[in-house]
Amino acid sequence: MRGLLLAVLALLLVAGDSGRYPSQLVYNVVQVYPANKEIASANSTYLQSLYSSLWYAAKSGNQKAQSMMVAWATEHGSVYWLKKLVSLENAEAAWALYQLIGEAESNAELMALAAIGNVPEAQLAFAMDTDNPNKREKWLLRAAKLNYLPAQSALADWYLLQGKLELARPWLEKTASLDMQSAFKYGRLLWDENLREEALKYFQQAADAGHTKAAEVIMLLSQYSPKAANSVGEYTWPTDKTCLQRIQIFATSLSTISRANALYEQFEQDLRLQSLPLCIAPPIWLENNQLDCHAQYQGNNRLGCNIKPLGPAVTKRTLTHAVVVAEQGKANVQNGVMFLDMSDDYSVFVHELAHFAGFIDEYPLPKSSAQRYCHPEKIADFSVPNLVIEGAITYHPMATVNQWHEAVNAAHTTLTIASARTCDASGIKAYKPSHRITFMEHHDVGVIPPLYLTLWRQQLHNPDTQRPISMNLFQAFHQSGRAERAGYWLAEYESRASVLHELSEPVSE
């Protein structure tokens, strides 16, 4: 009680200064409040009296009074006094009120007022609240120049997203010592600029701070190092199994070696595919710009690369197939080469591996592809193991159906023929040997029926179904007018077919 009386007495002294200069009034309140903070917190009347005393100074333009009122009102959740301060166009009060009453109830004008008043948190929120790229960059830049770390990091990310690496660089450099995510991204940027020793320092810094991706990069750098395509050495393929497909994974960057390594390790642990006569070598990490890759390669709506530089590696390693993991694009297979981007997971990889053996998609093909594949004579030419279609009387799908019957006996399962959606766009009915949604329709379902594994093995033992990478290289050199190299790869293709005939003894299930 005695404390409250003293507080009231102090308040009267402060109130007595109400007709004096605002700076003197603020000084008096500053002297009174710390000693009576607990009383002010417990007694709302006393606290409101302090607010009223400061308000005289605040509305007179005293910035210290306004700042004190913002701090108190924020601490005590006083919407009333924050609104009073907003009426004075106080930016800090606008931002505090915006946060206090909740975004759903708040007025966008509060955020705008705070941003215009150089509250960096508001400027960042204002920037991220717009889809206008120029407006976003403008407000990120204003907040970043106020040394607001989150805005500096966001601005660097924005420039990276736009491909403006030179503009991102100074902001990453500024934040790298303070933020592990920025340190990691700055290390990536330095690596791509071939400043690799410096990049390693930032990777280590980020890893030490707990950044998991940075730790993964350091681990990968202990296993792999980038090399030129023409310096790839020989490889000893396993001797304890038949490798009818010899597959090499190529990574094209620091980003993609991580995905390539994950695909390789998952394949090695995938018991479902261990009985297939195919072998995959550990990834090769190619130096930057060894392969010219594009998401819309040669005008097609799919990922592709100029694979001619891979020729020496194909020869030295006696490869039949290759997997190229590039930055971005739609996954596909073209004559012995699989193209994946860094977002494609293992289920996509397995789906595309089946394409290497002639399997066709069981989801509706685009109209152009349906016209290419969904005709009786063409489906026969492609030796598709998982599909039959209705067609002309000259087409005999019974050969494939008989193969299915033989395969189910070998796999000790039963045969169920069901409709497939592959040829919907062409109006032709198609059928598959399973009633289930398989990995050829939805790769992420992950269902590979036993019958499909049996058909897969049979396909690999049939040389006529193989389209090795030598055919792709022949086409690439032929299209570029290099007749001599094209002739070499055509001879390699024909030679490889002979070898496959020798290796492909009858399959015993």
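On a predicted model such as this, the values are computed, not experimentally measured, just so you know.
Below 30°, between 30° and 60°, or above 60°: for Phe439 and His351 the angle between ring planes is above 60°, a perpendicular geometry. Ring planes of Phe203 and Trp191: tilted class, angle from 30 to 60°.
We find the CD1-CD distance between Ile280 and Gln266 to be 11.5 Å, quoted to the nearest 0.5 Å. Summarising the geometry, atom NZ belonging to Lys308 is positioned 9.0 Å from atom CG belonging to Asp292; distances are rounded to the nearest 0.5 Å.
The number of heavy-atom neighbours closer than 6.0 Å to CD of Glu265, taken from other residues, nucleotides and ligands shown, is above 12. The number of heavy atoms from other shown groups lying within 6.0 Å of NZ (Lys367) does not exceed 12. More than 12 heavy atoms of other residues, nucleotides or ligands shown are found within 6.0 angstrom of NZ on Lys241. Around the CG atom of Asn194, the shell of radius 6.0 Å holds more than 12 heavy atoms that belong to other residues, nucleotides or ligands.
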Checklist entry - Can Phe126 and Trp139 be said to form a ring-ring contact (aromatic ring centres under 6.0 Å, His included), step by step? => result CA-CA 7 Å; Phe126 199 49; Trp139 288 102; 5.2 Å; yes
Next on the checklist: Under the criterion side chain to side chain contact (heavy atoms under 4.5 Å, CB included), I'd like the reasoning laid out for Leu160 against Leu165: C-alpha separation, chi angles, the key distance, then a yes or no.
Outcome noted: CA-CA 6 Å; Leu160 290 174; Leu165 304 186; 3.7 Å; yes
Checklist entry - Given Phe356 and Leu278, is the side chain to side chain contact (heavy atoms under 4.5 Å, CB included) satisfied, shown in steps? => result CA-CA 11 Å; Phe356 273 167; Leu278 56 84; over 6 Å; no
Item to check | Check against ring-ring contact (aromatic ring centres under 6.0 Å, His included), Tyr186 and Tyr202 | outcome: CA-CA 7 Å; Tyr186 189 46; Tyr202 285 97; 4.9 Å; yes
Item to check | side chain to side chain contact (heavy atoms under 4.5 Å, CB included) between Leu273 and Trp456, intermediate numbers included | outcome: CA-CA 10 Å; Leu273 307 184; Trp456 198 338; 4.0 Å; yes
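For Tyr346 against Phe267, the heavy-atom pair with the smallest separation is OH-CA, 3.3 Å.
The side chain to side chain contact (heavy atoms under 4.5 Å, CB included) test with Asp361 is passed by exactly one of His355, Arg421, Glu441: His355.
A side-chain N or O of Gln204 and one of Asp208 form a donor-acceptor pair less than 3.5 Å apart. Side chain to side chain, Thr130 and Asn132 fail the donor-acceptor criterion of an N or O pair below 3.5 Å.
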